[in-house]
Amino acid sequence: MSKITKQMNINKNSVIPIYHQIKEQLYKFIDENDLKDGDLLPSENELSSQFDISRMTARNALEELVKQGVAKRERGKGTIVVNPKIDPILDANKKFYKSYE
């Protein structure tokens, strides 16, 4: 069990789907730099055994992170954190608007 999964907590009685809860918590670790570019995310097997969920639920959570562009899957390695591709124009606008706040 990794230190990341030890810090995660899901509520099976919540109206929020389990895969979404897992995805959001993993995304938070990435956003806060607890998981950096090149770090391995917990495997489907690790997530499913830790939270007593199906591998399909764990796969959905990891696949959502891949769709968001913050992770990629590599055969034989697993799911890896990647730096999100930031559009330089959007990033410049973000900095521009922050200067007026």
Side-chain angles (χ1 to χ4, degrees):
M1 179 182 351
S2 72
K3 68 175 187 163
I4 294 297
T5 55
K6 285 181 185 177
Q7 296 175 31
M8 293 173 62
N9 187 18
I10 62 167
N11 180 356
K12 290 186 177 182
N13 296 322
S14 174
V15 295
I16 300 170
I18 294 171
Y19 82 92
H20 188 75
Q21 293 179 52
I22 293 171
K23 177 201 68 137
E24 287 297 315
Q25 290 182 48
L26 288 173
Y27 186 84
K28 182 179 173 192
F29 287 120
I30 294 168
D31 192 43
E32 294 175 351
N33 281 332
D34 292 327
L35 289 169
K36 297 178 179 18
D37 188 36
D39 287 348
L40 280 174
L41 291 172
S43 68
E44 293 172 9
N45 286 332
E46 186 178 349
L47 290 170
S48 62
S49 64
Q50 170 71 22
F51 299 116
D52 194 28
I53 58 173
S54 72
R55 274 191 55 214
M56 183 56 86
T57 300
R59 180 178 296 147
N60 287 341
L62 295 173
E63 191 60 37
E64 288 292 315
L65 292 171
V66 171
K67 287 178 186 176
Q68 287 183 331
V70 297
K72 67 178 179 177
R73 289 192 176 246
E74 286 192 15
R75 178 171 243 173
K77 287 188 176 181
T79 309
I80 301 169
V81 176
V82 293
N83 280 334
K85 294 180 174 83
I86 299 173
D87 185 337
I89 295 170
L90 292 176
D91 192 43
N93 288 338
K94 185 177 176 183
K95 289 177 185 173
F96 175 76
Y97 289 120
K98 276 193 168 187
S99 66
Y100 285 102
E101 291 177 350

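Smallest separation of non-hydrogen atoms from Ala71 and Thr79: CB-CG2, 3.8 Å. Taking every heavy atom of both residues into account, Leu62 and Pro42 meet most closely at CD1-O, 3.7 Å. Closest heavy-atom contact between Ala61 and Ile22: CB-CG2, 3.7 Å. Looking at every heavy atom in both residues, Ala58 comes nearest to Ser48 through CB-N, 4.4 Å.
Remark: Lys12 engages Ile10, Ile18, Asp52, Ile53 in a side-chain contact (heavy atoms from CB on, under 4.5 Å) (not counting sequence neighbours). Evaluation of the side-chain contact (heavy atoms from CB on, under 4.5 Å) rule for Ser43 yields Asn45, Glu46 as partners, not counting sequence neighbours.
Only one option out of Thr5, Leu41, Ile4 pairs with Leu47 in a side-chain contact (heavy atoms from CB on, under 4.5 Å); it is Thr5.
Proximity of a side-chain donor or acceptor of Lys36 to a complementary backbone N or O of Asn33 within less than 3.5 Å is detected. Using a distance-only test at 3.5 Å, with no hydrogens or angles considered, a donor-acceptor pair links the side chain of Gln21 to the main chain of Asn11.
Under the 4.5 Å side-chain heavy-atom criterion for Ile, Leu, Val, Met, Phe, Trp and Tyr, Leu65 and Tyr19 are members of distinct hydrophobic clusters. Hydrophobic clustering, with ILVMFWY side chains joined whenever heavy atoms are under 4.5 angstrom apart, groups Met8 together with Val81.
A salt bridge links Glu44 and Arg73; the closest N-O separation between the charged side-chain nitrogens and carboxylate oxygens is under 4.0 Å.
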N/O donor-acceptor pairs under 3.5 Å from side chains in residues 23-32, not counting sequence neighbours:
from: Gln25; atom 1: OE1; to: Asn9; atom 2: N; distance (Å): 2.9
from: Gln25; atom 1: NE2; to: Asn9; atom 2: O; distance (Å): 2.4

